[in-house]
Amino acid sequence: MSEFKQLVFSGVQPTGNLHLGNYLGALQKFVALQDSYECIYCVVDMHSLTATLVHDDLMDQTRGIAAAYLASGLDPRKNIIFNQSRVPQHAELAWIFNCVARIGWMNRMTQFKDKAGKDRENASLGLLAYPSLMAADILLYRATHVPVGEDQKQHLELTRDIAQKFNNDFSERIAGLGYGVEMTVGEERVNGFFPLTEPLIEGPAPRVMSLRDGSKKMSKSDPSDLSRINLLDDADTIARKIKKAKTDPEPLPSDLEGLAARPEAENLVGIYAALAGVTREKVISEFGGRQFSDFKPALADLAVEKLAPISQKMKRIKADPGYIDGILREGGERASAKAEATMKQVHEIVGLLVN
Ligand code: TYM
């Protein structure tokens with residue numbers, strides 16, 4: 001058991017429209033965690049500069065993600081909700097982590113390879129260093145748990161690698177200053193300044209796939225809008241996209257093993273289970289043996305029932321940017337107090353003269 005204070009941190013990039021994958025992989029879990037943990041939820045606007053530097057509407061997109069947080073049910077009094085760029089210590093700690101992490105670690109990141117494509121030499125340095133900023137987001141608050149979709153797993157492993165290398169490289173200074181915290185790593189008890197953060201990925205839909213191709217992740221950047229359900233889609237659009245979702249000609253299987261080589265069927269069953277808050281077994285026990293022509297309308301009704309209120313609330317909140325900015329400002333002040341405390345100790349550990 002870690003002796004660090006349990007704290008949840010997560011973030012969403014303000015780039016493109018939020019979709020069902022973001023909702024089931026992230027937002028729905030954020031809401032579930034707010035009752036049992038202290039939580040910090042960030043709109044990671046500086047990450048949005050890594051792939052595209054100039055955005056027409058970055059401020060508006062940042063407010064849009066904040067509106068989605070609130071509309072999904074996050075309580076701004078209970079949780080800290082803010083946008084990353086208000087707390088400059090994220091960038092400062094990222095710089096130190098750039099000097100901890102190795103270039104080889106960054107080159108291995110699949111998200112970097114996907115986003116940089118063939119012309120890697122021409123990708124921004126920020127895109128390569130992105131996981132270092134992500135590690136800083138998390139470790140600035142010494143967060144112990146991070147709810148994310150499965151696509152972020154590799155970045156979280158790297159966050160642990162960075163924490164571990166920092167703890168090792170500075171172990172004597174950390175101990176000398178009395179800043180170490182006891183934690184268990186494998187079988188061993190070790191002492192370190194940063195926790196080895198746990199990802200929270202489980203659930204019936206950790207990786208929501210495209211509705212047009214069960215082998216591809218549902219994503220903001222897919223050129224086909226039919227591949228995803230956007231959080232702001234209206235009821236008719238949601239129903240139409242589910243009706244058009246790719247499937248195979250067989251009925252749904254009567255047990256989970258029967259989904260193994262059927263990615264489209266598996267995806268729709270996972271989506272149903274996550275939206276209904278039940279296991280995939282439960283969905284199969286209800287719909288096993290039935291045709292997609294039965295299952296799809298039930299899924300469409302469920303998706304509309306769960307998503308339409310969020311989308312309506314999101315539109316109402318977005319209409320009042322002053323309200324959103326007030327919440328982000330206040331959250332930024334609360335986050336800053338924590339960030340300053342961590343960085344004061346980091347300066348001392350690393351040996352940066354600041355007073
Ligand atoms: P981003 O903005 O791409 O996605 C936000 C969250 O949505 C999840 N997600 C999915 N989950 C399931 N199925 C999908 N198809 C799907 N697509 C997206 C992502 O896993 C994520 O949880 N690097 C992060 C943002 C970030 C962050 C952080 C997250 C920056 N700093 C610190 C946690 C902690 C990203 O680009 O997520």
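Only heavy atoms go into these numbers, but all of them, side chains included; no hydrogens, no water, no symmetry mates. All residue numbers refer to positions in the sequence shown, counting from 1. Just so you know, ligand 1 is whichever comes first in the structure, and atom 1 is the first atom listed for that ligand.
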Short N or O distance, [X] and ligand 1, threshold 3.5 Å exclusive:
| X | result |
| --- | --- |
| Ala26 | no |
| Tyr130 | yes |
| Ala205 | no |
| Val12 | no |
| His155 | no |
| Gln111 | no |
| Arg207 | no |
| Gly149 | yes |

Heavy-atom distance to atom 19 (C) of ligand 1: which of Val208, Asp151, Asp222 wins?
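Among Val208, Asp151, Asp222, the closest heavy atom to atom 19 (C) of ligand 1 comes from Asp151.
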
Kindly identify the option in Tyr23, Phe30, Phe9 whose heavy atom sits closest to atom 32 (C) of ligand 1.
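It is Phe9 whose heavy atom sits nearest to atom 32 (C) of ligand 1.
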
Output the list of atoms in ligand 1 that are nearer than 4.0 Å to some heavy atom of [X], sorted by atom number.
| X | answer |
| --- | --- |
| Lys217 | 15 (N) |
| Val146 | 33 (C), 34 (C) |
| Asp137 | 28 (C), 30 (C), 31 (N) |
| Ile138 | 32 (C), 34 (C) |
| His47 | 30 (C), 31 (N) |
| Gly25 | 11 (N), 12 (C) |
| Lys220 | 2 (O) |
| His19 | 17 (N) |

Check whether any side-chain heavy atom of Leu18 sits under 4.5 Å from a side-chain heavy atom of Tyr23, and report yes or no.
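Answer no - side chains too far apart.
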
Using 30° and 60° as the class boundaries, would you call the ring planes of His145 and Tyr37 parallel, tilted or perpendicular?
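Rings of His145 and Tyr37: tilted, 30 to 60°.
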
For the pair His90 and Phe82, name the ring-plane relationship: parallel under 30°, tilted 30 to 60°, perpendicular over 60°.
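Tilted: the ring planes of His90 and Phe82 meet at 30° to 60°.
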
Around atom 11 (N) of ligand 1, find the nearest protein heavy atom and jot down its residue, atom name and distance.
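Protein heavy atom at minimum distance: Gly21 O, 3.1 Å.
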
What protein heavy atom lies closest to atom 28 (C) of ligand 1? Include the residue and the distance to one decimal.
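That would be Met134 CG, 3.5 Å.
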
Would Pro206 count as a contact residue for ligand 1, given that I'm defining contact as a non-hydrogen atom of the residue lying under 4.0 Å from a ligand atom?
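Flag set, Pro206 near ligand 1.
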
Measuring from the heavy atoms of Gln84, does anything fall under 4.0 Å of ligand 1?
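Contact check Gln84 vs ligand 1: negative.
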
Would a hydrophobic clustering, with Ile, Leu, Val, Met, Phe, Trp and Tyr connected at side-chain separations under 4.5 Å, put Ile80 with Val12?
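No; Val12 is not reachable from Ile80 via cluster members.
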
Check whether the side chains of [X] and [Y] place a donor and an acceptor atom closer than 3.5 Å, and report yes or no.
| X | Y | answer |
| --- | --- | --- |
| Arg228 | Asn230 | yes |
| Tyr130 | Gln13 | yes |
| Asp137 | Gln84 | yes |

Is there a donor-acceptor pair under 3.5 Å between the side chain of Arg173 and the backbone N or O of Ile349?
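A pair under 3.5 Å: yes.
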
For Tyr69 and Cys42, indicate whether the former's side chain and the latter's backbone hold a donor-acceptor pair under 3.5 Å.
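Yes; at least one donor-acceptor contact below 3.5 Å.
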
With backbone taken as N, CA, C and O and side chain as the heavy atoms from C-beta onward, which portion of [X] lies under 4.0 Å from ligand 1: side chain, backbone, both, or neither?
| X | answer |
| --- | --- |
| Val148 | both |
| Gln13 | both |
| Asn22 | both |

Short N-O contact, [X] and [Y], less than 4.0 angstrom:
| X | Y | result |
| --- | --- | --- |
| Asp222 | Arg212 | no |
| Lys318 | Asp60 | yes |
| Glu38 | Lys5 | yes |
| Asp161 | Arg102 | no |

When you measure from the centre of the six-membered ring of Phe193, is the NZ or CZ of Arg142 closer than 6.0 Å and no more than 45° off the axis?
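Verdict for Phe193: a cation-pi partner in Arg142.
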
